[in-house]
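Encoded as structure tokens, the structure appears first; notes follow it.
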Amino acid sequence: MFYLLLINFVKEYHLSIIIYNFMKVIIHGGFFSESDQSHEVKTAKQDSLKEIAQKAFGYLTTHSAFDTVAYAVSLLEDDPLYNAGIGSQIQSDGVIRMSAAIMNGNTQKLSGVINIQNVQNPIFVAKDLIREDDRVLGGNGAKIYATENGFENFSTEIPQRRKEYEAKLANGGKGTVGCVAIDHEGKLAVATSTGGKGFEIPGRISDSATVAGNYANAFCAVSCTGVGEDIVSNATAAKIVTRVTDGMSLEQAFSKTFDELKTIDGFAGAIAIDKDGNIYHRDSYPTMVFASFDGEKLEVFS
Ligand code: ASP
């Protein structure tokens, strides 16, 4: 009897270790450029990404990958360091329009909002839309849906962005945010949120709420940042996921896809996890800011 109990205990113990080791989360916060951002900004981004990666992992221990990616992206949206949610870029007509999408690799459903105004967390509106037949809403329709579903009017503008806008300093604060996670059941999910490029023509559509910027299935999940037009031209996230589905390793899939991006001199970065829990990230122009955490190993961009 004692041995039976012991065996069961060992089995359970091992199982929980395996489960614990399987869960992983990787997040990104767009790009960092030594030439137009200070050392303080770099350190602040490193600290914030480390903290959010750990919080997201803690959340993942009791939630699905799908719930976790939305949670992680909402934390990134709430941090004014990034160009998503609070701190989003202002467009050429002085208005902030944000886009966000989420994809459940298990059900292969994507939902998103494109060019939504005045909500604190576009990713939560995107997440609510997963239960609808019409899952990607744009502009006014997205805002009306958000209001009807209890999202309060909220201005995500910060004085720094207004100053940049007024000085017409289109210094390309590429700071889209994203999260990819694998949960204890091996299910994958991805979420991405952006304030856009800054100073864009009103109506421009970013990659972030498309399958080029945010894509997942049962084999792989990918979130991108960079110049939306380049990411869409290269179908970046969808290509990487398809290649992994067809048998390539993450490294091979990234390598081929980023080689193709080079032919258009594309500017992009991407983070990914595959069904076996492998993590990968790469950028075409340094440096994408990212952090990953698996409960033990915490990695952050340098
Ligand atoms: N991909 C975003 C866009 O083009 C920008 C970014 O990643 O910062 O709208």
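In what follows, residues are counted from 1 in the order of the sequence shown. As the structure lists them, so they are numbered: ligands from 1, and atoms in each ligand from 1.
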What atoms of ligand 1 come within less than 4.0 Å of a heavy atom belonging to [X]?
X      : value
Gly196 : 5 (C), 9 (O)
Asp207 : 1 (N), 2 (C), 3 (C), 4 (O)
Lys197 : 4 (O), 9 (O)

Does any N/O atom on [X] come nearer than 3.5 Å to any N/O atom on ligand 1?
X      : result
Gly228 : yes
Gly226 : yes
Glu229 : no

Would you say the side-chain atoms of [X] and [Y] include a donor-acceptor pair closer than 3.5 Å?
X      : Y      : answer
Asn121 : Glu77  : yes
Thr242 : Tyr215 : no
Thr192 : Ser223 : yes
Asp265 : Tyr285 : yes
Asn118 : Lys143 : no

Checklist entry - Taking only residues two or more places apart in sequence or in another chain, which ones pass side chain to side chain contact (heavy atoms under 4.5 Å, CB included) with Glu185? => result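 Applying side chain to side chain contact (heavy atoms under 4.5 Å, CB included) to Glu185 gives Asp183, Lys187.
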Checklist entry - Is it true that Lys55 and Glu51 have a side-chain N and a carboxylate O under 4.0 angstrom from each other? => result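 Glu51 and Lys55: salt-bridged.
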Checklist entry - With a 4.0 Å cut-off on heavy atoms, does Gly30 reach ligand 1? => result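 Contact check Gly30 vs ligand 1: negative.
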Checklist entry - Between the candidates Thr192, Thr225, Thr210, which shows the shortest non-hydrogen contact distance to atom 7 (O) of ligand 1? => result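 It is Thr225 whose heavy atom sits nearest to atom 7 (O) of ligand 1.
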Item to check | Contact partition for Arg204 relative to ligand 1, non-hydrogen atoms under 4.0 Å | outcome: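 For Arg204, the contact with ligand 1 is made by the side chain alone.
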